[in-house]
There are 2 protein chains.
Amino acid sequence: MLVNQKAERMSLTERVYGALKQEIFDFALLPGDRFTEKEVAERMSASRTPVREALTLLQREGFVDVLFRAGWQVKPFDFHKFDQLYELRIILEQAAVRKLCEMDGKPDLDALKNFWLVAASDRQDDGPTVREADERFHIHLVEACGNEEMARVHHNITERLRIIRRIDFTQRPRIEATYQEHAKILRTIIKRRAEQAQLLLKSHIEESQAEVRKITLHMLHEARQTQSPPRSA
Amino acid sequence: MLVNQKAERMSLTERVYGALKQEIFDFALLPGDRFTEKEVAERMSASRTPVREALTLLQREGFVDVLFRAGWQVKPFDFHKFDQLYELRIILEQAAVRKLCEMDGKPDLDALKNFWLVAASDRQDDGPTVREADERFHIHLVEACGNEEMARVHHNITERLRIIRRIDFTQRPRIEATYQEHAKILRTIIKRRAEQAQLLLKSHIEESQAEVRKITLHMLHEARQTQSPPRSA
DNA sequence: GAATATCATCATGTATGCAAGATGGTATTC
DNA sequence: GAATACCATCTTGCATACATGATGATATTC
């Protein structure tokens, strides 16, 4: 699980920061939800000061908005932003893959090979497990290319997209496709065919993006249908 | 001048945040300098609370470090980090230029053309002026490509590099070279020759990077020579 | 004189207090 | 009944108070 780092020697601000972000990822706080510093402080058994510092950070990172003297809000879905983040993600990962292919030594991709280049019978088929592994796959690609700043930026983008990407692994065929595409990308990188690896990666991400968009629109449509009668009294 | 945005309706936290960052850019706070929250609070006529919030943000963005119960420190020079940031900057700007060349409509580059595509007699030759225009040139390229998230990330990187880039415009030949290279890049983008524009941009940034490194090493060398006798008593 | 132990001072991390203003419900008016 | 005015409540932004522990100067010991 991608839970908090070591709890030892961590400031309250950091703990609250991580907990709030996790609540957003888990949909415990839904996009558009409003809340107050006091609520959060009580829920996390802290005072408003560390809560405010955590919220200030989350605001800067685009997870929440502050409403002047009127509470806070989980940033509502913004598909335009998601598209921009996907595009940026592709740019960074393509650059990372190119670097990996042109690296002097051999890039360290063992962890990825051990998970993704396995016999069909050894594959995981649990949605959440594969989703997490998928995220690690892409993060690892960027980390392996050796540019820490690039990895940091990419990590932030990944977190911003996490809320929406989890939708992609609710269906079995997508898991299958992910295995095949990741395997192909890895093999192409190992063969150091930069151009092709970049193309494969781009298609892979864009397919996932398209799938997410499709399902999201479907969900929104259904939600609208279901909740249509707001009050029957 | 790249001074604070409108002072009206800006929180103290934001004001302190901007002022501190500007002090770092202006070398009023030197890399490695240590300071306390109380000092800053008094200097900015604020309490520690907004100062802390501003510092928390600056820490997350890599401008300062906190020393547990022992004050704060302006992040010392780290040339390895600078190299990584330069590399990331090239990746983003190359992607932006490609987008500009492949855009449907005509990209909005008028402001850049008006400054950089002028007769030699109309050129600016003041170091700081050209330095600022240079920064705007690169920022504008990324903004013009239309991806706001990309522009945001690129803007942050630009600010992290600002401290060191100003060194590049202390010499007349570099100003001359900047004019010629920017002009060439602009013309190539207008002609929509993506590949060549990317190459020109990369060379341009790397030349500037090399120049900065050369001068910095020279300055460090001189500084070391000058300050060699730490105490003569 | 050099090294170590001690202690007052100071720094951050956190909690709490306070003021200006936004909000939502209620009473009032037409 | 609908629209408006009013008021108590709540929320953030900022200032201040306090506790723990890091630091550096001083005293002590060999």
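Chain letters run A, B, ... following the sequence lines, proteins first and then strands; every chain starts at 1.
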- [ ] Check DNA chain D against residues 31-42 of chain B and give the residues with a non-hydrogen atom under 4.0 Å, in numerical order.
- [x]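 Listed by number, there are none.
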
TODO: Describe, in one word, how the ring planes of A/H182 and A/W116 are oriented to each other, choosing from parallel (under 30°), tilted (30 to 60°) and perpendicular (over 60°).
DONE: perpendicular

Using salt bridge (charged side-chain N to carboxylate O under 4.0 Å, His left out) as the criterion, list what pairs up with [X], not counting sequence neighbours.
X	answer
A/E39	none
A/R166	none
A/R60	B/E61
A/D33	none

[X] vs [N]: side-chain N/O to OP1/OP2 distance below 4.0 Å:
X	N	answer
A/R52	D/dG13	yes
B/T13	D/dG13	no
B/W72	C/dT12	yes

Open item on the list: Applying ring pair (Phe, Tyr, Trp, His ring centres under 6.0 Å), can you list everything that pairs with A/F77, at least two apart in sequence or on another chain?
Closed with: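 With sequence neighbours excluded, A/F77 shows a ring pair (Phe, Tyr, Trp, His ring centres under 6.0 Å) to A/F79, A/F82, given in chain and number order.
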
Open item on the list: For A/S45 and B/G71, find the nucleotide of DNA chain C closest to each by heavy atoms; which residue's nucleotide sits nearer the 5' end?
Closed with: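 Whichever sits nearer the 5' end wins; that is B/G71.
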
Task: side chain to side chain donor-acceptor pair (under 3.5 Å) partners of A/R152, counting only residues at least two apart - done: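 Applying side chain to side chain donor-acceptor pair (under 3.5 Å) to A/R152 gives A/E149.
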
Show each protein N/O and nucleotides 16-20 of chain D N/O combination with a separation under 3.5 Å, one pair to a line.
{"residue": "D/dT16", "atom": "O4", "partner": "B/T49", "partner atom": "OG1", "Å": "3.2"}
{"residue": "D/dT20", "atom": "O2", "partner": "B/R69", "partner atom": "NH1", "Å": "2.1"}

Task: Residue list, side chain to side chain contact (heavy atoms under 4.5 Å, CB included) with A/I215, at least two apart or on another chain - done: A/I167, A/T170, A/Q171, A/E211, A/M219

